[in-house]
Amino acid sequence: QVQLVESGGGLVQPGGSLTLSCAASGSIFSINAMGWYRQAPGKQREFVATITSGGSTNYADSVKGRFTISGDNAKHTVSLQMNSLKPEDTAVYYCTAGRVLGLGAGVRHDYWGQGTQVTVSS
């Protein structure tokens, strides 16, 4: 089992910045990728970004150019730097961990954090 703990959520003004962090512990050998999903009220959970242990990244079109995902393999942590935030970014953000399925096949998200609230005021 892998446990994930998120931190860094909060309230921010439109156009502002916020950084989320996630730390993984437990059976770290079972994962080689981490990422972020988000879910706004009344909407389905959606993909935000992933990063592999090799440093490959993938982003949702809605956040490209604004969000940056980074990871530290030694510390088993991942961060999401969010810039130029919009009210549409308001959601609960979930840290994920799992395995790369294959070239171009994405990530299997086996483990999920408890979520952290990000609110971008109007």
Side-chain angles (χ1 to χ4, degrees):
Q1 291 290 320
V2 174
Q3 293 77 47
L4 303 173
V5 179
E6 301 110 327
S7 62
L11 177 66
V12 65
Q13 295 179 335
S17 299
L18 200 65
T19 300
L20 306 181
S21 297
C22 177
S25 61
S27 302
I28 306 302
F29 67 90
S30 66
I31 63 173
N32 63 6
M34 297 180 69
W36 295 90
Y37 274 69
R38 66 186 183 185
Q39 186 170 26
K43 293 188 176 182
Q44 198 163 5
R45 189 174 298 176
E46 66 175 353
F47 165 78
V48 176
T50 55
I51 186 168
T52 70
S53 60
S56 298
T57 59
N58 191 25
Y59 296 92
D61 289 340
S62 60
V63 306
K64 284 183 178 178
R66 299 189 298 121
F67 291 11
T68 302
I69 188 170
S70 61
D72 187 327
N73 290 334
K75 297 181 179 180
H76 303 116
T77 59
V78 65
S79 296
L80 185 69
Q81 182 181 343
M82 304 183 293
N83 298 323
S84 301
L85 283 163
K86 306 173 182 179
E88 305 92 271
D89 295 317
T90 296
V92 176
Y93 284 70
Y94 296 90
C95 179
T96 69
R99 303 283 298 180
V100 176
L101 296 175
L103 184 61
V107 175
R108 185 181 69 194
H109 305 276
D110 294 322
Y111 306 99
W112 295 75
Q114 77 285 354
T116 185
Q117 178 70 47
V118 173
T119 302
V120 184
S121 64
S122 60

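In terms of modelled atom types and a separation under 3.5 Å, the side chain of Gln39 and the main chain of Val92 share no donor-acceptor contact. Looking only at distances, a side-chain donor or acceptor of Glu6 sits under 3.5 Å from a matching main-chain atom of Gln114. When atom types are taken as modelled, the side chain of Arg45 and the backbone of Arg38 share no donor-acceptor pair closer than 3.5 angstrom. In this structure a side-chain-to-backbone donor-acceptor pair under 3.5 Å is present from Thr90 to Val120. With hydrogens and angles disregarded, a donor-acceptor distance shorter than 3.5 Å links the side chain of Asn32 to the backbone of Val100. Formation of a donor-acceptor pair under 3.5 Å by the Asn73 side chain with backbone atoms of Ser53 is found in this model. Between the side chain of Ser27 and the backbone N or O of Gln1, at least one donor-acceptor pair lies under 3.5 Å.
Scanning both residues, Gly35 and Ile69, for their nearest heavy atoms gives CA-CD1, 4.0 Å. The two residues Leu80 and Trp36 have their closest heavy-atom pair at CB-NE1, 3.5 Å.
Put simply, the side chain of Asp89 reaches to within 4.5 Å of the side chain of Arg66, judged on heavy atoms.
Taking the six-membered ring for Trp and thresholds of 30 and 60 degrees, Tyr37 and His109 have ring planes more than 60 degrees apart, a perpendicular arrangement.
A salt bridge links Asp61 with Lys64: the distance from a Lys NZ or Arg NE/NH1/NH2 to an Asp or Glu carboxylate oxygen falls below 4.0 Å.
In the model, Asp72 has no side-chain atom that pairs as donor or acceptor with a side-chain atom of Thr77 under 3.5 Å.
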